[in-house]
Amino acid sequence: MIPQHHILNTSIEYLKGVGPKRAELLQKELGIHTFQDLLEDIPFRYVDKTIFHNISDIYEDGQIVQLIGTLTDLKSQGVGRKKRMTGKLRDKTGTIQLIWFRGFQWIENLEVGAKYIMYGKVNSFKGKITLPHPEIEKPSNQPTEQLSLSPIYSSTEKLGRMGLDAKGRAKLLKTLFERINAQMIPETLPAYMLSKLKLIDRYQAFLHVHFPRSQNELQRAKFRLKFEELFFIQLQLVHHKLIRSSTIPGYVFSKVGDYLNAFYEKKLPFELTGAQKRVIKEIRKDIGSGFQMNRLLQGDVGSGKTMVALMTMLIALDNGYQVTMLAPTEILASQHYQSVSNFVSGLRIKVGYLSGNVKGLKRKEILKWLAAGEIQIMIGTHALLEDPVIFKNLGLAIIDEQHRFGVKQRSKLWQKSKPHMPHILVMTATPIPRTLAMTMYGDLEVSIIDELPPGRKEIKTIHKTEAARPQVILFMKDQIALGRQIYVVYPLIEESEKLDLQNLQDGYEQLLFDFPRPQYQIGVIHGRMKATDKEYEMKRFQDMKTQILVSTTVIEVGVDVPNATMMIIENTERFGLSQLHQLRGRVGRGGNQSFCILMTGFKRSKEAKKRIEIMCKTNNGFEIAEADLEIRGAGDLKGTKQSGEVELKMSNLATDSKIVQSARNIAIAILKKDPRLESPHNRLLRDFLQDNPNAIEWARIS
Ligand code: ADP
Ligand code: MG
């Protein structure tokens, strides 16, 4: 950590050429407060002026080119607003048209017949290639100055007006490097790592990332900075994981008893999949070890996570402990309550349910029974986290669809158990790309269910536009005739809630027209309805009293109606990929062929097209998660934001996955050899961990 008085902590105001006004703007617009902030705000791209293109090689619209050639045919056309100037640049290989719509005075002063370097973005207009408004320079005698990578920094209009456009910002960095030297940017990685990994030192890395003289220099500088950033995150996570898995005591669930045995023999309705068996084994090892379990269970929608949860709960019960299971929505929680109650019926297990809607006397009673230990399995929403909820001996907490719970909320759970923290099993149906998982949950053990129960058919996903609506309606009727059920889902975005609800209402009315009563029954469900009404509608759908359920995304997570075989998503372009995948996962839960129809208008953005294409191509949640990360970048992923952000300055989880992996491997290797980092070689690393004990709050479960 850098001491307060260190030069890098100097306010940006005191850098030559900044002053109070610009400092304020830099803070406001870009969050740059100190010298260090300026140093760490690296260029977002570089203009490569090390390469000259041949005019004959120019082939595409939007290509960025640097040319050297002779200026010819300079002339102006039109007058006033219609005035423009044209010219030509000729090199050995060909000629390109130049065009200007303003700034004529300067252009008129160019020397026809002289050599110029021109730099710009190619435009093709009516099949003809032109170079509009190129940057123009005279070739200089000092080639090194021109042959370089010019850094481009982010700027804003306001900053631009104060002289801090991309160029002005580059100048600030020059000034900064005049004030600082290598001693002021101390090394953070041990010398043996630098030499073994062939990393350049930290000062050089910053210097070269701002002023690269070649691509090679730039790449090495970037790699060093990215590696450092990712390595220290991994060092913290792996360190935390090792410490916890070997020091934080937990309840010992050593035996398998009557509950699990009776369930297994009498009630289990199917053979467990290989993946389910493996994961249960992994969990049993943890909960029998004497240390607290913190495990993330990832499995695609429909992979049977609930059964794993249930069997883990029964083991806890067999050892005399209470368990709790939390779900993010009332629908999901009550559904878990129902299915768990069904599964354990006849086993003399008391299951309780609590949500914000359980009130009055009923609530009082439940709380009393829970505190007395009479309720053994407690299922509910985040209402379970509130202070009056007291357990007698909570031994295990299962959190379903965890990305909807914040870390703070979760930490309330740990306080509900004495003397130890309960074992934790976090379940998520949103597969997380490997690198993201390594970073967000890098201190958890991870189990993956990578196998669907047998007999499942791939959901067929089809994209349709409005013109095909009649066809879609016929298809729906076919499915209903086969005795199947259908979801129709509308987006609901809070900002445009009214419009969205109207949209849903219109859609519902149209459906009433296309599917007249009494032959057809349609239900509606959305987030604005009272919980009891939602439950009523849900129940009617489950009991096959309605064949079509029109809804907003309240049914996104977890809802399980195996007879539903068709998912129609309206305004598909407004949903993100992982949300679409979640929605699709509501069908394909029984043995029948299921379908997902993605409805859109005719016009679709490039991104929407990409998302639809991926959805139609694959059913695999992990593939979809990777694609999502690629399209959106890591910062945007749902869940990263809510669980407290991983703020990365240098690297990008979407594109730097290899570096994440190697940083993690190296952190593991170092900590395996020297768990407490006591070796003198590792002094810098130990210092770092001491100075940053809480820096990974966001990733921590306990
Ligand atoms: P998710 O992982 O999405 O929570 P669920 O636990 O809801 O999935 O399981 C989806 C469906 O598959 C449920 O109807 C469940 O009963 C069923 N199921 C779970 N495991 C198996 C299995 N091994 N064989 C057959 N069906 C299973
Ligand atoms: Mg589930």
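As the structure lists them, so they are numbered: ligands from 1, and atoms in each ligand from 1.
Taking the six-membered ring where tryptophan is involved, the planes of Phe253 and His423 are perpendicular, since the angle between them exceeds 60° and thus also 30°. Taking the six-membered ring where the residue is Trp, Tyr337 and Tyr353 present tilted rings, their angle falling between 30° and 60°.
Residue pairs meeting the ring pair (Phe, Tyr, Trp, His ring centres under 6.0 Å) criterion with at least one partner in residues 564-590, sequence neighbours excluded, are absent.
Per-residue contacts place Arg589 under 4.0 angstrom from the following atoms of ligand 1 (heavy atoms of the residue considered): 3 (O), 7 (O), 10 (C). Atoms of ligand 1 found under 4.0 Å from any heavy atom of Leu272 (numbered from 1 in listed order, with element): 23 (N). Those atoms of ligand 1 with a heavy atom of Asp560 less than 4.0 angstrom away are 13 (C), 14 (O). The distance from ligand 1 to the heavy atoms of Thr273 drops below 4.0 Å at these ligand atoms: 23 (N). For ligand 1 and Asp300, the ligand atoms under 4.0 Å from any heavy atom of the residue are 2 (O). Close approach to Arg456 involves these atoms of ligand 1, each under 4.0 Å from a residue heavy atom: 11 (C), 12 (O), 17 (C). The ligand atoms of ligand 1 that sit less than 4.0 angstrom from a heavy atom of Glu271 are 22 (C), 23 (N), 24 (N). Which parts of ligand 1 touch Thr306 is read off a 4.0 Å heavy-atom cut-off, strictly below it: atoms 4 (O), 5 (P), 6 (O), 7 (O).
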Q: Before giving the answer on side-chain hydrogen bond (donor to acceptor under 3.5 Å, both in side chains), spell out for Tyr259 and Gln376 the whole-Å C-alpha distance, their side-chain angles and the decisive distance to 0.1 Å.
A: CA-CA 12 Å; Tyr259 288 128; Gln376 293 157 286; 3.1 Å; yes

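Relative to the ring axis of Phe343, Lys267 does not place its NZ or CZ within 45° and under 6.0 Å from the centre.
The residue from Val340, Val351, Val344 that alone fulfils the side chain to side chain contact (heavy atoms under 4.5 Å, CB included) condition with Met313 is Val340. The only member of His382, Glu330, Arg363 that meets side-chain hydrogen bond (donor to acceptor under 3.5 Å, both in side chains) when paired with Ser355 is Glu330. Each of Lys610, Arg611, Lys609 was evaluated against Glu607; a single residue qualifies, Arg611, per the salt bridge (charged side-chain N to carboxylate O under 4.0 Å, His left out) test.
For a threshold of 3.5 Å applied to N or O pairs, the pair formed by Phe270 and ligand 1 contains no separation below that value. Considering backbone and side-chain atoms alike, Met307 places every N or O at 3.5 Å or more from each N or O of ligand 1.
At least one heavy atom of Gly302 sits closer than 4.0 Å to an atom of ligand 1. Within the 4.0 Å heavy-atom cutoff, Met427 does not count among the residues contacting ligand 1.
Taking each of Pro454, Gly304, Ser303 in turn, the one with a heavy atom nearest to atom 9 (O) of ligand 1 proves to be Gly304.
The pair Glu386-Lys416 does not meet the salt-bridge criterion, since no charged nitrogen lies less than 4.0 angstrom from a carboxylate oxygen.
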